[in-house]
Every structure is written in C-alpha cells, then in structure tokens.
Q: 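Structure incoming, see below.
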Amino acid sequence: MTVEREIADNLQTVRGNTATAAARAGRAAASVTVVAVSKSQPDERIAAALTAGQLVFGENRVQEAQTHWLERRDVVPGLELHLVGPLQTNKVKDAVALFDVIQTVDRPKLAEHLARTFDALGVPRRCFVQINTGEEAQKAGVAPAEADDFIATCRKLELPIVGLMCIPPADAPVAPHFALLRRIAERNDIVSLSMGMSADYEAAAELGATHVRVGRGVFGERAPRA
Ligand SMILES: *Cc1c(COP(=O)(O)O)cnc(C)c1O
C-alpha cells in the first residue's frame, strides 16, 4: 500500500469513528475537529495527509513544527496549526508567528508573554488553557482548583481563551477527566474542549470533545526521538 493510501485510509477511519462516537451523544460530526498530531513524523506522511484533505494539524515542539510547517503555512489555504506541547517563554514569539491556536497556556508568566506578543504582532490567534486534571507532578497544566482564577487572569490580559485542553493520566479511566474538563469549561463559558488521543478519541468525542488530537491513529507509529 502506498503511503498516500495508508494515510487517507487512516484519516477516513478516524473521522468515521469520531462521527459515530459523537452521534452516540446526539452530537453532529462537524462538532468535532480531528487535529492530526504530526510530531516526529516524516515529511512524506505529512504531505500525504495534506493530499488527503486534512487541514488541521498539531505539533508539540516549536522548533520541529517550524521544519514541518514554516514553508507550508503560506501556501496551503485553510491550514490550521495547533501547539499541543509545553511552551517556554523564550519561544513565544516563534510560536505565535507559526501557530493559529496555542492549546497549552498554563501559567501567568506565559499568559503575560502571549498577551504582549499578540499585541506586538497584531495577529489573530486563539488560546486554550491546559488543565492538569490528574494533578500529576510531571505534567504541565493548571490544577483544577486553580482553573477559574487562572482563566480570569487570562481574560484580564485579554487573551482570547476559547478552549480547555487536558491529557489524562496514562492507564486511568478517562471519563472522569473528560467530565471534569467539561465542568470547568461550562462554568467559565468556554466552548471548546481538546481531549482524547489515539487510544481514547472516541470516548472523548462522545463526552463532548470539540477537538481530538490524534497522532499514531492517523500517521502510524512515530520514529523514536533522537
Ligand atoms: C503526541 C500527542 C498527541 C497524539 O498522541 P497519539 O497517542 O499518537 O494519538 C496528542 N496530544 C498531545 C499533547 C501529544 O503530545
């Protein structure tokens, strides 16, 4: 099977499964966007996804994302890039120049840097706040108990917070984490929910995700990081 065919088939499967899961909850297929996470993937696989009509992509490192997307950004109409990995303040300018959506706003200092950079560059960008729903020490994100205050802080800075994002603990049932994210969003009038990856995007779509972040399910296994 050619790479084009393989990726096109994978995308069709993921989109179909997402639509079916959303329908189980009475939600329209169009209410869930598949973000194809292209980190650590060879360029030909990314090209194949574009050929198959995929326009929304996620990356978790700014520098690697630049190699995949800087040149494509201006020549692919409708392309939408999401940063789904942690953002260091010294990379904010590069990130804002490249990504349409920053999903990982998680601390006041980063929020301040982003607000200043949006002002300076004058570009329309959207932000999600990452919530550490499992309160894991090694994971980024705002603790659930601090979420409301942090969202208020972001809004005071006039950051366009449109969504929340979470990565539940490995090997734990995901439903309570997705439900917690949804509750925090609802009480803060936030509409978008980025939750679910290759292993659990169907559960996420059924439980209210507006964005599922699927890497291996679209592209196949990743090459190990150098
Ligand atoms: C890598 C990554 C994904 C995709 O993971 P898969 O298991 O390959 O689907 C989703 N979200 C984040 C934040 C990631 O870093």
Side-chain angles (χ1 to χ4, degrees), residues 1-41 45-60 68-69 72 76-85 99-104 126-131 133 162-168 170 172-186 189-222:
M1 194 164 37
T2 64
V3 169
E4 277 78 15
R5 187 57 198 276
E6 179 193 341
I7 304 275
D9 284 356
N10 289 349
L11 275 165
Q12 196 173 15
T13 301
V14 171
R15 289 184 194 133
N17 291 345
T18 302
T20 303
R24 281 199 292 272
R27 306 178 62 218
S31 63
V32 191
T33 299
V34 175
V35 181
V37 179
S38 50
K39 67 184 186 200
S40 301
Q41 294 292 344
R45 294 192 159 255
I46 295 173
L50 286 163
T51 302
Q54 179 68 24
L55 286 171
V56 185
F57 291 86
E59 290 277 351
N60 74 336
H68 285 157
W69 298 107
R72 290 191 169 109
V76 180
L79 186 68
E80 184 176 295
L81 299 177
H82 291 238
L83 178 66
V84 300
F99 290 99
D100 301 282
V101 182
I102 311 281
Q103 290 204 6
T104 50
R126 285 162 281 151
C127 294
F128 286 39
V129 169
Q130 182 175 354
I131 309 290
T133 57
V162 301
L164 301 182
M165 178 271 217
C166 75
I167 308 171
V174 289
H177 295 273
F178 294 164
L180 173 59
L181 197 71
R182 188 174 177 163
R183 282 200 303 279
I184 296 170
E186 280 170 359
D189 290 317
I190 287 173
V191 173
S192 293
L193 291 174
S194 171
M195 54 194 202
M197 320 202 322
S198 292
D200 48 30
Y201 68 90
E202 291 165 275
E206 188 167 352
L207 293 168
T210 61
H211 295 73
V212 291
R213 309 179 307 268
V214 184
R216 288 164 299 169
V218 170
F219 294 103
E221 287 302 320
R222 284 182 282 276

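Values reported hereafter were calculated over all heavy atoms of this structure, with side chains retained and with hydrogens, waters and symmetry mates removed. This one's a predicted model, so the numbers in the text were calculated from it and none came from an experiment.
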Q: Measuring only between side-chain heavy atoms, which start at C-beta, is Val3 closer than 4.5 Å to Arg5?
A: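 No, their side chains stay 4.5 Å or more apart.
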
Q: So Glu59 and Phe99, do their side chains get closer than 4.5 Å, heavy atoms only?
A: yes

Q: Between Glu206 and Arg24, is the salt bridge (Lys or Arg N to Asp or Glu O under 4.0 Å) condition met? List the steps.
A: CA-CA 6 Å; Glu206 188 167 352; Arg24 281 199 292 272; 2.9 Å; yes

Q: Side chains of Met1 and Asp9, heavy atoms from C-beta outward: is any pair under 4.5 Å?
A: yes

Q: With the side chain counted from C-beta on, respond yes when Glu80 and Phe57 share a heavy-atom pair under 4.5 Å apart, and no when they do not.
A: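 No. Closest side-chain heavy atoms not under 4.5 Å.
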
Q: Please answer whether the main-chain N or O of Gly163 pairs with a side-chain N or O of Ser192 as donor and acceptor at a distance below 3.5 Å.
A: no

Q: Donor-acceptor pair, Arg182 side chain versus Leu207 backbone, under 3.5 Å?
A: yes

Q: Determine whether the side chains of Ser38 and Arg45 contain a donor N or O and an acceptor N or O closer than 3.5 Å.
A: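 No, no side-chain donor-acceptor pair sits under 3.5 Å.
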
Q: Check whether His68 reaches the backbone of Gln41 with its side chain - one donor and one acceptor, N or O, closer than 3.5 Å.
A: yes

Q: Calculate, to the nearest 0.5 Å, the distance between atoms CD and CG belonging to Glu186 and Leu164 respectively.
A: 10.5 Å

Q: Report yes or no: do Ser194 and Gln103 form a side-chain donor-acceptor pair below 3.5 Å?
A: yes

Q: State, yes or no, whether a side-chain contact exists between Phe219 and Asn10 at a heavy-atom distance under 4.5 Å.
A: no

Q: Using the side-chain contact (heavy atoms from CB on, under 4.5 Å) rule, take Val56 and His82 through it: C-alpha gap first, then chi angles, then the decisive distance, then the call.
A: CA-CA 8 Å; Val56 185; His82 291 238; 3.6 Å; yes

Q: Nearest 0.5 Å, what's the CD1-CE distance between Ile102 and Met165?
A: 11.5 Å

Q: Quick one: are Val32 and Val212 in side-chain contact, heavy atoms under 4.5 Å?
A: yes

Q: Measure the shortest side-chain to side-chain distance between Leu83 and Val101 over non-hydrogen atoms and say whether it is less than 4.5 angstrom.
A: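 They are not in contact (no side-chain heavy atoms under 4.5 Å apart), so the answer is no.
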
Q: Using 0.5 Å steps for rounding, measure from the CG atom of Leu181 to the CE atom of Met195.
A: 6.0 Å

Q: Is there a donor-acceptor pair under 3.5 Å between the side chain of Thr51 and the backbone N or O of Ala47?
A: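 Side chain of Thr51 to backbone of Ala47, a donor-acceptor pair under 3.5 Å: yes, one is there.
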
Q: Go through the steps to decide whether Ile184 and Ile131 satisfy the test side-chain contact (heavy atoms from CB on, under 4.5 Å), and finish with yes or no.
A: CA-CA 9 Å; Ile184 296 170; Ile131 309 290; 4.0 Å; yes

Q: Counting only N and O atoms by type, is there a donor-acceptor contact under 3.5 Å from the side chain of Gln54 to the main-chain atoms of Val34?
A: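 Yes; judged by distance alone, with no hydrogens or angles, the pair exists.
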
Q: Heavy-atom distance under 4.5 Å between the side chains of Leu50 and Leu79, does that happen here?
A: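 The answer is yes; the side chains approach within 4.5 Å.
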
Q: Can you name the nearest heavy-atom pair linking Ala19 to Ala29, along with the distance?
A: CB-CB, 3.6 Å

Q: Flag the pair Phe128 / His211 as yes when their ring centroid distance falls below 6.0 Å, and as no otherwise.
A: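 They qualify: ring centres under 6.0 Å apart.
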
Q: Which pair of non-hydrogen atoms, one from Ser198 and one from Gly215, has the smallest distance, and what is that distance?
A: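 Heavy-atom minimum between the residues: OG-N, 3.6 Å.
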
Q: Between atom CD1 of Ile46 and atom NZ of Lys39, what is the distance when rounded to the nearest 0.5 Å?
A: 12.5 Å

Q: For Asp200 and Met197, indicate whether the former's side chain and the latter's backbone hold a donor-acceptor pair under 3.5 Å.
A: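 Flag set: sc Asp200 to bb Met197 pair under 3.5 Å.
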
Q: Locate the shortest heavy-atom distance separating Gly217 from Val14; write the atom from each residue and the value.
A: O-CG2, 3.7 Å

Q: Under 3.5 Å, side chain of Arg27 to main-chain N/O of Ala205, donor-acceptor pair present?
A: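 Between the backbone of Ala205 and the side chain of Arg27 there is a qualifying donor-acceptor contact (under 3.5 Å).
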
Q: Minimum heavy-atom separation for Leu193 to Ala185, with atom names?
A: CD2-CB, 3.6 Å

Q: Any donor-acceptor pair under 3.5 Å linking the side chain of Thr133 with the backbone of Pro168?
A: no

Q: Given 3.5 Å as the limit, does a donor-acceptor pair link the side chain of Asn60 with the main chain of Val84, or not?
A: no

Q: Distance check, rounded to the nearest 0.5 Å: Leu180 atom CG versus Cys166 atom SG?
A: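 Separation between the atoms: 8.0 Å.
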
